[in-house]
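In listed order, ligands and their atoms are each counted from 1. Bear in mind that the values here come from a model prediction, so they are computed numbers and not experimental data. In what follows, residues are counted from 1 in the order of the sequence shown.
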Amino acid sequence: MDQAQSLREYMQRFQVQKQKQPRVITITSGKGGVGKSNFTINFALALKAAGKKVIVLDLDLTTANINILMGVIPKYNLADVLISNKSIWDVLEIGTGGIEYLAGGIDLHDVPNLEQNSLGFFMNQIQELQHYADFILLDTGAGISKELVECIAASDETILITTPEPTAIADSYAVLKTIVRYHKQSNDVRLVVNRAQSYREAVETSRTLKNTCSKFLKMNLPTLGFVMEDPHVRQSVKMQMPFYLSYPKCEASKNIEEMIHFYLPGYEDQLSATSKGLRGFFEKIFSKGISL
Ligand SMILES: Nc1ncnc2c1ncn2[C@@H]1O[C@H](COP(=O)(O)OP(=O)(O)OP(=O)(O)O)[C@@H](O)[C@H]1O
Ligand SMILES: [Mg+2]
């Protein structure tokens with residue numbers, strides 16, 4: 001790479017585009033292992049292919065493994081920004097396919113003991129990302145926890161992943177019930193049915209959850225889309241390469257592509273106006289004093 005080209009790339013990467021407010025999306029599930037991390041990275045890649053700038057933020061501390069899928073070994077995480085005054089650009093890694101990645105790692109139990117200066121520095125660093133990306137995708141751990149509920153409340157939108165298995169459907173319903181109980185309203189939750197054996201099975205799964213939510217929680221649960229059971233997903237995981245890159249024509253890649261075509265026009269029209277951005281997200285999370 002010549003000097004002019006690397007300078008151009010540098011400028012492109014660090015150019016701050018004004019007026020952009022990233023949309024913060026929490027990706028979660030009731031049951032573990034239903035495909036959140038794979039969905040997150042491949043959805044991010046499809047958004048990127050559609051011209052959007054995306055950052056994946058890993059908030060799954062217990063089994064943080066999305067970095068393996070992204071081919072990244074993070075040197076630092078957000079705790080280093082908070083405690084060691086590292087710059088946000090030191091933490092931001094570029095993974096496979098050019099997706100940018102931030103490792104979480106903050107224990108907010110320590111936040112009340114931190115100096116105001118450290119918090120101020122952290123917020124200023126986060127502010128730099130406020131106009132940098134279009135989407136921040138938060139990959140979370142499975143199951144209901146106080147942390148997860150607060151993440152959902154602090155983000156602009158939530159994507160709930162389920163599979164057609166009755167246990168996964170029941171656990172998804174439990175998450176939705178908790179969201180409604182704690183927050184009275186649904187804060188824009190959409191459903192993705194993953195690993196469906198057929199289109200019919202996917203439709204039946206989404207209909208079951210939608211009807212149950214409507215009847216018992218008085219909550220609307222729109223479906224973002226379906227991803228079929230596809231052996232290419234497993235093969236790609238083994239290769240440590242997202243399926244959207246290794247098998248762009250496989251069924252799962254096409255399903256994600258369709259979702260983006262359905263999702264993006266709505267985002268452009270109305271959703272971005274309501275985005276709180278990453279700064280808004282952290283302000284809310286910090287005010288609750290929870291761990292990420
Ligand atoms: N559409 C699919 N078709 C086939 N296999 C799939 C599909 N989606 C996911 N899988 C399989 O499920 C495994 C788990 O996926 P993934 O790690 O994304 O789940 P997760 O919800 O992030 O798990 P955890 O709760 O542990 O974080 C993958 O390694 C892959 O083998
Ligand atoms: Mg995961």
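Taking every heavy atom of N194 and a limit of under 4.0 angstrom, the matching atoms of ligand 1 come to 1 (N), 2 (C), 7 (C), 8 (N), 9 (C). Under a 4.0 Å criterion applied to the non-hydrogen atoms of V237, ligand 1 contributes the atoms 29 (O). Each of the following atoms of ligand 1 lies closer than 4.0 Å to a heavy atom of G32: 25 (O).
With sequence neighbours excluded, the residues satisfying ring pair (Phe, Tyr, Trp, His ring centres under 6.0 Å) with F226 are Y199. Judged as a ring pair (Phe, Tyr, Trp, His ring centres under 6.0 Å), and not counting sequence neighbours, H261 has no contacts.
Not one N or O of R234 is nearer than 3.5 Å to an N or O of ligand 1, by distance alone. Taking only nitrogen or oxygen atoms, main chain and side chain alike, N38 reaches within less than 3.5 Å of ligand 1. On a distance-only criterion, F39 and ligand 1 share no N/O pair closer than 3.5 Å. In terms of polar-atom proximity, defined here as any N/O pair under 3.5 Å, V34 does make such a contact with ligand 1. The shortest N/O to N/O separation between G35 and ligand 1 falls below 3.5 Å. Here's the thing with D139: none of its N/O atoms is less than 3.5 angstrom from an N/O atom of ligand 1. For ligand 1, the polar-atom distance check against K31 finds no nitrogen or oxygen pair separated by under 3.5 Å. Backbone and side-chain nitrogen or oxygen atoms of S29 are examined, and none is located within less than 3.5 angstrom of a nitrogen or oxygen of ligand 1. Among the atoms of V233, none of the N or O lies under 3.5 angstrom from an N or O of ligand 1.
Of the N and O atoms on the side chains of E257 and Y244, at least one donor lies less than 3.5 Å from an acceptor on the other residue.
Side-chain atoms of D134 never come within 3.5 Å of backbone atoms of K52 as a donor-acceptor pair (strictly under, hydrogens ignored). Remark: side-chain polar atoms of D58 are not paired, donor with acceptor, to backbone N or O of A103 under 3.5 angstrom. A donor-acceptor pair is defined here as one N or O able to donate and one able to accept, closer than 3.5 Å; no such pair exists between the side chain of S29 and the backbone of G32. A donor-acceptor contact shorter than 3.5 Å is absent between the side chain of N194 and the backbone of T163.
By the 4.0 Å heavy-atom criterion, G33 is counted among the residues contacting ligand 1.
Other residues, nucleotides and ligands contribute over 12 non-hydrogen atoms within 6.0 Å of the NZ atom of K210.
Here S37 reaches the Mg ion (ligand 2): one of its N/O/S atoms is less than 2.8 Å from the metal.
If you check each of R195, H232, K238, K36 against atom 11 (C) of ligand 1, the one with the closest non-hydrogen atom is R195.
With ring centers used as reference points, F39 lies under 6.0 Å from F43. A ring-centre distance under 6.0 Å is found for W89 and Y132.
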